[in-house]
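Note on naming: letters A, B, ... go to the chains in the order of the sequence lines (proteins, then strands), and numbering restarts at 1 for each one.
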2 protein chains.
Amino acid sequence: MKMSGGVEWALHCCLNLAWTGGEQAVPAARLAAFYDLPTAYLNKQMQALAREGIVSSLPGPRGGFRLARAPEDITLMDVVTAIEGPEPAFRCTEIREQGPLGEPAADGSRCLIDQAMRRAELAWRRELAAQTLADVMKNVERDVPEVPGRTRRWFAEARA
Amino acid sequence: MKMSGGVEWALHCCLNLAWTGGEQAVPAARLAAFYDLPTAYLNKQMQALAREGIVSSLPGPRGGFRLARAPEDITLMDVVTAIEGPEPAFRCTEIREQGPLGEPAADGSRCLIDQAMRRAELAWRRELAAQTLADVMKNVERDVPEVPGRTRRWFAEARA
DNA sequence: GTAGTGGTACTCGGATATAGGATGTCCGAGTACAATTGG
DNA sequence: CCAATTGTACTCGGACATCCTATATCCGAGTACCACTAC
């Protein structure tokens, strides 16, 4: 079970978009250059974020991406779901129905293994939904105060 | 992010092994026949469980698999880890170090995005570790009391 | 000088290759049992 | 009749194919800006 690497990229890029300020749009190429990532592939991930309404995209010159909402209103869950999709990691295929005593047991009763796995995954989702981008930003500013300023400056001079 | 289908198989098989009683070993072929699964591939999953000490394997005639511990001492976390491996789903690749202001920020400070993701995954693991096979068995017996007996009987007559 | 017009460069967006891992299969090593043979 | 021995059938265990999805790339549609032209 491995999460797409795009999730890490998307989270970092969202933070950068938040720090550069919401007005000016940032092209995918700039975001990619910041971390030395493949531009086209990062663009694909950003498109996924755009589809879910986390960022808004703007074509043409002076175009790019910018956050569609305030960092306080974007949870880690939102970003993960946008990239990975809404389906749970554990998928019950109801193999018990294939068994010799499957059919009668399947009447109405939900698979209890599935329920247990869902319970765990729900805890995971809850924890992700409890953390917003703003929370992470606050933690970063506490631990490494110079990051926001330097980031903002880098993107500003890159535009020159 | 998709969990291996082998996890579902392994969990169901562990429950069946628990119900058939710990003495007699059950071959992978019988376990597979119960759900109409590919025998060799299920065998592969069982091997993973054996490596982690969840089941013990016995070669030769009258051989097969049986639980190595009591169901109370086997958590869902144990089974998931045995099949999926111990690595976390989210892997921080420290892309910030690739950035223009990466090196200084990497000094000593852990990536806070990574920490947030780990926190969520820890909640997931905690929930999985809190549920034992015995718990799930108890729930099944409560909801569908006839399952344990019918299962035990099926495996007994299959051996004849 | 100003408004209109055509050209150009830049952006996202989706269609198209590629690689790595999960899925599925096959054969060899080892063991217990049973049949056979000799005492 | 009993013990030793040989043969056989059955099991796991790991090596070998195959398929699907994440990864990576490329080109087209659309837009804003700029230069140029005509009035």
*Can we call the ring centroids of A:Tyr35 and A:Trp9 under 6.0 Å apart?*
no
Listing, residues 46-60 of chain A side-chain donor-acceptor contacts under 3.5 Å, not counting sequence neighbours, or none:
none

_A:Glu127 side chain to B:Arg119 backbone, donor-acceptor under 3.5 Å_ = no
*What pairs with A:Arg126 under salt bridge (charged side-chain N to carboxylate O under 4.0 Å, His left out), at least two apart in sequence or on another chain?*
none
*Atom-pair distance (CZ on A:Arg30; P on C:dC12), nearest Å*: 11 Å
_Under 4.0 Å, counting only non-hydrogen atoms across every strand here, what does B:Ala29 touch: a base, just sugar-phosphate, or nothing?_
nothing
Sequence neighbours left out, cut at 3.5 Å: what donor-acceptor pairs do the side chains of residues 69-78 of chain B make with other protein atoms?
from    : atom 1 : to      : atom 2 : distance (Å)
B:Arg69 : NH1    : B:Asp73 : O      : 2.6
B:Thr75 : OG1    : B:Met77 : N      : 3.4
B:Thr75 : OG1    : B:Asp78 : N      : 3.1
B:Thr75 : OG1    : B:Asp78 : OD1    : 3.4
B:Thr75 : OG1    : B:Asp78 : OD2    : 3.1
B:Asp78 : OD2    : B:Thr75 : N      : 3.0

*For A:Arg66 and C:dC12, give me the distance from atom CZ to atom P, rounded to whole Å.*
12 Å
_Expressed as a whole number of angstroms, how long is the span from A:Lys2:NZ to C:dG21:P?_
8 Å
*Tell me, which of residues 36-54 of chain B have any heavy atom that sits under 4.0 Å from an atom in DNA chain C?*
B:Pro38, B:Ala40, B:Tyr41, B:Lys44
_Spacing of B:Glu87 atom CD relative to C:dG20 atom P, expressed in whole Å_ = 16 Å
*asked:* For the backbone of B:Ser4 and the side chain of B:Glu84, can you confirm whether one donor and one acceptor N or O come within less than 3.5 Å of each other?
replied: yes
*Which heavy atom of B:Phe65 sits nearest a heavy atom of B:Ala28, and at what distance?*
CE1-CB, 4.0 Å
_Letter per nucleotide, 5' to 3', of nucleotides 29-34 of chain C [B base touched, S only sugar-phosphate touched, - untouched; heavy atoms, 4.0 Å]_ = -BBB--
*Would you say C:dT11 has OP1 or OP2 under 4.0 Å from some side-chain N or O of A:Ser57?*
no
*B:Met3 CE - C:dT23 C1' separation (whole Å)*: 17 Å
*Could you tell me which residues satisfy salt bridge (charged side-chain N to carboxylate O under 4.0 Å, His left out) with A:Arg91, sequence neighbours excluded, listed by chain and number?*
A:Glu87
*Report yes if the side chains of A:Leu112 and A:Gln115 come closer than 4.5 Å at any heavy-atom pair, otherwise no.*
yes
*In whole Å, what is the span from the CH2 atom of A:Trp9 to the C1' atom of D:dA22?*
11 Å
